[in-house]
Amino acid sequence: MLFQLDNNFNCDNLIEGNKVSDAIARLQKTVKDSLVPQGFIKVTDQPVKALSSEQKALLNRKGNILFNEGKYSEATRIFITTGYSDGLTRIGDIYYKQQRCLDALKYYVLAHNMAKAEPLYEKAAQVLSALLRE
């Protein structure tokens with residue numbers, strides 16, 4: 001299960017020097033104003049099991065083509081369907097570069113890429129800890 005906040009709550013705002021209080025204020029405003037789109041979202045990390053290896057390979061190739069063309073949402077749908085962890089990690093990297101940390105975390109978790117997910121978990125935990133202290 002994964003929870004998502006608004007897309008404006010990005011990586012830089014999670015924790016960075018004096019930005020902690022700003023991040024906390026934004027988190028409080030998000031929760032208070034119910035700016036959490038679609039509420040809390042449950043996400044599955046199980047690919048479609050009815051696909052054969054050949055079908056997955058063809059879909060993954062198509063997903064890679066779409067990804068390279070910058071059609072990330074279409075590529076994402078394919079990568080989730082097939083459970084293609086490398087593709088999901090690359091989608092996470094795109095979101096991370098766009099400072100959409102929580103979206104990046106979602107795709108790292110779906111890809112079972114804990115090496116990239118753990119630092120984001122730690123940043124989120126630091127923000128929540130600071131929030132609880134105030």
Side-chain angles (χ1 to χ4, degrees):
M1 191 181 315
L2 182 70
F3 300 104
Q4 178 180 8
L5 294 172
D6 73 320
N7 288 336
N8 295 324
F9 197 78
N10 62 40
C11 300
D12 280 342
N13 291 333
L14 279 177
I15 184 118
E16 190 175 287
N18 294 332
K19 291 188 177 184
V20 173
S21 59
D22 292 340
I24 291 169
R26 290 186 60 202
L27 179 60
Q28 288 171 330
K29 181 174 176 18
T30 297
V31 173
K32 180 180 176 234
D33 295 343
S34 299
L35 296 175
V36 180
Q38 306 165 2
F40 293 113
I41 304 167
K42 183 176 180 182
V43 182
T44 182
D45 64 350
Q46 297 299 315
V48 175
K49 294 181 181 183
L51 294 173
S52 69
S53 299
E54 295 80 19
Q55 290 171 319
K56 285 183 182 181
L58 285 172
L59 283 170
N60 288 338
R61 279 190 214 117
K62 177 65 175 173
N64 284 329
I65 290 168
L66 291 168
F67 181 90
N68 291 333
E69 291 174 350
K71 298 177 182 175
Y72 303 124
S73 64
E74 290 132 346
T76 299
R77 289 197 327 255
I78 290 173
F79 297 152
I80 289 172
T81 300
T82 63
Y84 183 43
S85 59
D86 183 61
L88 292 167
T89 295
R90 288 185 287 133
I91 294 296
D93 291 343
I94 293 295
Y95 283 124
Y96 188 82
K97 288 176 187 171
Q98 294 173 350
Q99 297 301 306
R100 293 176 57 185
C101 217
L102 295 173
D103 289 323
L105 178 60
K106 172 183 173 179
Y107 290 100
Y108 293 151
V109 169
L110 287 173
H112 302 282
N113 189 334
M114 291 303 113
K116 290 197 174 191
E118 285 295 323
L120 299 180
Y121 279 136
E122 289 188 25
K123 286 182 180 183
Q126 290 172 352
V127 168
L128 291 175
S129 293
L131 176 64
L132 292 173
R133 276 186 246 124
E134 284 194 7

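Between Asp103 and Tyr108 the shortest side-chain heavy-atom distance does not fall below 4.5 Å. Inter-residue side-chain proximity for Tyr107 and Thr89 is flagged as unmet; no heavy-atom pair is nearer than 4.5 Å. Annotation: side chain of Arg90 is in contact with side chain of Tyr84 (closest heavy-atom distance under 4.5 Å).
Cluster annotation: Tyr96 is connected to Tyr121 through the hydrophobic network of ILVMFWY side chains, with a link wherever side-chain heavy atoms come within less than 4.5 Å.
Remark: Leu102 CG to Leu105 CG distance equals 6.5 Å, nearest 0.5 Å. Here NZ of Lys106 is found 9.5 Å from CZ of Arg100. Values are rounded to the nearest 0.5 Å. Here the CZ atom belonging to Arg61 is positioned 14.0 Å from the CG atom belonging to Leu66, to the nearest 0.5 angstrom. With rounding to the nearest 0.5 Å, the separation of CD1 in Ile94 from OG1 in Thr76 is 9.5 Å. One finds the OG1 atom of Thr81 at 10.0 Å from the CG atom of Asn60 (value rounded to the nearest 0.5 Å). Rounded to the nearest 0.5 Å, atoms OH (Tyr72) and CD (Gln98) are 8.0 Å apart.
Residues passing the side chain to side chain contact (heavy atoms under 4.5 Å, CB included) test with Ser85 are Ala111, sequence neighbours excluded. With sequence neighbours excluded, the residues that form a side chain to side chain contact (heavy atoms under 4.5 Å, CB included) with Glu54 are Ser52.
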Test log, rule side chain to side chain contact (heavy atoms under 4.5 Å, CB included), inputs Phe79 and Asp86:
CA-CA 9 Å; Phe79 297 152; Asp86 183 61; over 6 Å; no
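Minimum heavy-atom separation, Gly63 to Ala75: O-CB, 3.4 Å. When every heavy atom of Ile78 is checked against every heavy atom of Leu59, the shortest pair comes out as CG2-O, 3.1 Å. Met114 approaches Val109 most closely through the heavy-atom pair CE-CA, 4.1 Å.
Classification of Lys97 and Asp93 as a salt-bridged pair fails, no side-chain N sitting under 4.0 Å from a carboxylate O.
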